[in-house]
Amino acid sequence: MIYTVTLNPAVDRELTVGEIAFDTVLRASQWQVDCGGKGFNVARMLNSLGVPSVAMGFAAGKTGELLEEKLVALGIETDFVWVEGETRTNVSIVSSESSHYVKVNEPGPTIKESDLALLKEKIVTNVKPGDWWVLAGSLPPGVAADFYGELIELIHSAGAKVFLDTSGEPLKQSCAAGPLLVKPNDEEAHELTGLPVSTTEEIAVAAEALKKLGPANVIVSLGKEGALLVNGQDTWKAASPAIVEKNPIGAGDSMVAGVVWGLSEGVELSEALRWGIACGAATAGQNGTTVGTLAQVRDLLPKVELIQL
């Protein structure tokens with residue numbers, strides 16, 4: 001089974017306007033409300049691929065209920081810890097006339113120690129050898145930066161595997177727990193290592209430095225340029241196929257879903273990276289926050305170029 005854990009989920013509200021401007025009233029021509037939070041985005045992409053998963057994390061209030069309803073309506077199983085407060089709402093304003101957008105994320109409800117203990121209990125109850133666990137997104141208020149590391153150790157002790165997709169101090173402190181995979185983007189790799197990331201060679205060096213912090217493998221996301229993989233023996237770069245980009249928001253989460261999908265099917269990590277790039281490109285080519293389809297991914301997969309550096 002594949003589990004996604006989203007500690008700070010959201011309802012994503014997207015408004016489409018003609019051109020983004022400041023100090024004036026903008027009128028939306030379209031609007032859309034979706035399940036948000038990185039782990040839930042992964043679950044949505046897996047669902048689009050026909051792969052079952054269980055979405056876990058914290059939920060609160062009426063917004064949390066809406067989030068659960070939307071996931072269940074998609075056919076995604078949920079197993080939340082319900083907390084006090086209100087699940088956050090993230091608002092995106094997207095221009096229909098350019099590739100520009102503005103995205104504002106709320107902080108989310110404050111999590112108590114008792115909430116964290118309940119989540120750990122759920123993980124212990126569910127985790128089994130061979131499972132895949134995707135721990136993704138920012139930490140809500142009240143959660144220490146090393147909490148992902150605690151969850152990784154808990155999951156590893158049961159013989160399951162972890163893909164960690166977070167950033168900043170939570171990523172730095174949780175790498176020591178040895179997740180199988182981490183996925184910073186190039187700027188996040190620079191922030192954590194202090195190394196330049198202007199060229200492919202520099203990005204590879206930064207990825208190697210990140211690997212020394214503890215993860216078995218590092219994938220550095222490069223947006224529309226693809227991604228770079230370092231596994232300790234080899235370095236691979238997967239180039240994204242040419243698409244008409246409509247909205248890149250969530251494409252990185254779709255890439256994570258594609259990689260986990262590939263690994264769960266038993267393909268090599270470098271090949272799973274190709275699957276991930278195809279999933280990310282399929283989602284980036286969609287309007288709004290819709291994820292790509294299995295048919296689109298299959299069409300794009302042969303167009304993903306994989307190069308061993």
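For the numbers below, each heavy atom of this structure counts, side chains included, while hydrogens, waters and symmetry mates do not. This structure is a prediction, so every number in the text was calculated from the model and none was measured.
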Tell me whether [X] contacts the main-chain N or O of [Y] through its side chain, where contact means a donor paired with an acceptor under 3.5 Å.
X	Y	result
Ser95	His100	no
Ser221	Asn185	no
Asn217	Val182	no
Gln296	Gly292	no
Asp146	Gly149	no
Asp131	Val127	no
Asn8	Pro107	yes
Thr166	Ala136	no
Thr78	Ala55	no

Test log, rule side chain to side chain contact (heavy atoms under 4.5 Å, CB included), inputs Val11 and Arg13: CA-CA 6 Å; Val11 168; Arg13 184 176 182 88; 5.5 Å; no
Non-hydrogen side-chain atoms of Asp165 and Asp253 separated by less than 4.5 Å: yes
Hey, any chance [X] and [Y] share a hydrophobic cluster, counting ILVMFWY side chains that come within less than 4.5 Å of each other, even indirectly?
X	Y	value
Phe80	Met1	no
Ile123	Val134	no
Val143	Ile155	yes
Leu135	Val51	no
Leu181	Met45	yes

Full working for side chain to side chain contact (heavy atoms under 4.5 Å, CB included) between Ile2 and Ser264: CA-CA 8 Å; Ile2 300 174; Ser264 69; 4.1 Å; yes
Salt bridge Glu84-Lys112, side-chain N to carboxylate O under 4.0 Å: yes
Presence of salt bridge, Glu271 and Arg274, under 4.0 angstrom: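 Yes, this pair counts.
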side-chain hydrogen bond (donor to acceptor under 3.5 Å, both in side chains) contacts in which one or both residues fall within residues 44-65, not counting sequence neighbours: Asn41-Arg44, Thr63-Glu86
Side-chain cluster (under 4.5 Å, hydrophobic types only) that Val205 belongs to, other residues: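 When side chains under 4.5 Å apart are linked, the cluster holding Val205 also contains Leu195.
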Connected-component partners of Ile243 among ILVMFWY, side-chain separation under 4.5 Å: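 Same cluster as Ile243: Leu300.
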Lys237 vs Thr200, side chain to side chain contact (heavy atoms under 4.5 Å, CB included): CA-CA, chis, key distance, verdict: CA-CA 9 Å; Lys237 184 175 181 181; Thr200 298; 3.4 Å; yes
Geometric class of the Trp133/Tyr3 ring pair [parallel <30°, tilted 30-60°, perpendicular >60°]: parallel
Evaluation steps, side chain to side chain contact (heavy atoms under 4.5 Å, CB included), between Ile203 and Leu222: CA-CA 10 Å; Ile203 294 168; Leu222 306 175; 3.6 Å; yes
Reference residue Val81; test side chain to side chain contact (heavy atoms under 4.5 Å, CB included); the match among Leu7, Leu119, Leu116, Ile111: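 Option passing the side chain to side chain contact (heavy atoms under 4.5 Å, CB included) with Val81: Leu119.
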